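Below is one structure; the comments refer to it alone.
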Amino acid sequence: MQYALLIYEDEAPYAEENGQAWRDIIAQHEAFAAELVEKDLLRGGAGLKTGATATTVRRTAGQCGLHDGPFAESKEQLGGFYLIEAPDLDAALAWARKVPMLGDGAVEVRPIIEGTM
Amino acid sequence: MRKDLLDQAARAHGGRVIAALAAKYRDLDLAEEAFAEACLNAAQSWPKDGDPRDPAAWLYSVAQRRALDMLRRRGVRTRLVPDPPAPPPSAEDLMVDDARLIPDERLRLIFVCCHPAVAPDARAALTLRLVCGLSTQEIARAFLVPEPTLAQRLVRAKRKIAQAGIAFEVPGPEAWPERIGAVLSTLEIAYAKAHEDAAGAGQHAGYAQEMLDLTAVLVELLPDEPECLAFAALVRYAEARRPARMDDGGAMTPLSEQDPALWRRPLIAQAEALLHAAARRRRPGPRQLQAAIHAAWCSRPSLDEPAPWPTVLALYDALLTWRDDAVVRLNRAVAVAEVSGPALALAEVDWLDGVAFRDFGPFHAVRADLLARLGRGGEALEAYDRALALDPAPAERLWLERRRGQAAG
């Protein structure tokens, strides 16, 4: 089965863009991704720039409107994602528990519709 | 008569057959449907042909064929060329003698139903439905929700299991403690519903029997898990006291006022054996402490002997180090009142006051009793009124009204 691991975090700790914390977390993500690659389980993924850099196209009754900012204004923002293979939910959850994070946050584990990736 | 037969078959054999089918075909829905059809088949043929020597094996055999039929039908919908139809089962095929041919996959089924990824309000219901074979109607009644609501919960839970890829497996060692905890928490909820009916001679009495059976299965499957053994002991202690829980007027009788002569000794003996077995594993845990509290009560020889409050208080002190939650603190305060006086107990209870307790009947009932003992009659009546306003079960209501009357008089 395939799963998306969606990473939600408070962006505040990342404020200092090229700081040591930032470099550390990048290194941890590289190691995490390498582990997945080594087991041939990684199918995709990316890190996203902060919510403030987002622009949202909102469609209502066929009309598109633009607004500055992410889909949801919340304390925790979508910061990145991994697309992985896993035999079952428990295996995917085990990976989700290991996703690197600067502080508190959440990793949503969502199964991918077969044949769409 | 036919419905009775179906219900009985489901309760007696459903868990084992559904678990075996689900393990084989990795499809919970299919397993449940196939078993249901086998039961319908049984309801028609057993009254005519007589009960089979081994009902479980008969049901398993027929359910397997139904499952294969269903799979073929699903296959036919997605392929252009249909398979030839399956030959009907021969009489020999149906006379499967040995129940050992049904692999016991109930442990996997229990772990799946209680998986943390399943909605919390569905886990207990799903376990009671699939493992214990209770009907949706019965479960809905016990959980005080409309039947369609409960049916929806079960459908969503099974869909989640299928869509999210929850495997039909026993968890590995790393996940084991968390998953065992989830199973026991789920069963606690399931049992609490059965226990709430203090009368217990009514419709919930049968459900309590299912909990006794289920905990027996759990102990059989996990004999080295002390918290499982302790939970099985807890259920037996509680059920042992059922005959004493209500007085002739239908009012609840609190534990300290129950006549030990009315308790069911055989269940207490079973509970003690389980608790000793748990203690021998030398891995303490909260349920073992809870069971020990029950054991302290159930070893009271008669109402003439003093209630074991000092022991109970000491055990609650120990339990707090594992579970520092409001219910434990409240129950402990009751023991504090007996050992150290109501003033100290009230201080503890008032310290607990918070949003969580606004709608918790027992909180107000305990406060009311303490206030009454301290001569603060007006406040005691208010507290009793708050407890009564929270719609307690009939036996509890009668008891609260009586105590309120005493406080007012």
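Lettering of chains follows the sequences in order, A, B, ..., and the numbering in each one begins at 1. Remember, predicted model here, so these are calculated numbers, not experimental data.
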Counting only heavy atoms not in A:E73, do more than 12 fall under 6.0 Å of its CD? yes
Within a radius of less than 6.0 Å around CZ of B:R159, do more than 12 heavy atoms belonging to other residues, nucleotides or ligands occur? no
Please determine if B:R26 and A:D88 form a salt bridge, counting it only when a charged side-chain N lies under 4.0 Å from a carboxylate O. no
Could you tell me whether B:D324 atom CG has more than 12 heavy atoms of other residues or ligands within 6.0 Å of it? yes
Which members of residues 166-174 of chain B, sorted by number, sit under 4.5 angstrom from chain A on a heavy-atom basis? B:I166, B:A167
So which atom in B:A164 and which in A:P111 form the shortest heavy-atom distance, rounded to 0.1 Å? CA-CG, 3.9 Å
Measuring heavy-atom distances to chain B, does A:I113 have an atom under 4.5 Å in its side chain, in its backbone, in both, or in neither? neither
Exercise: identify the closest heavy-atom pair between B:Q163 and A:M1: O-CE, 3.5 Å
Counting neighbours of CG on A:D104 that are heavy atoms of other residues, nucleotides or ligands and sit closer than 6.0 Å, is the number greater than 12? no
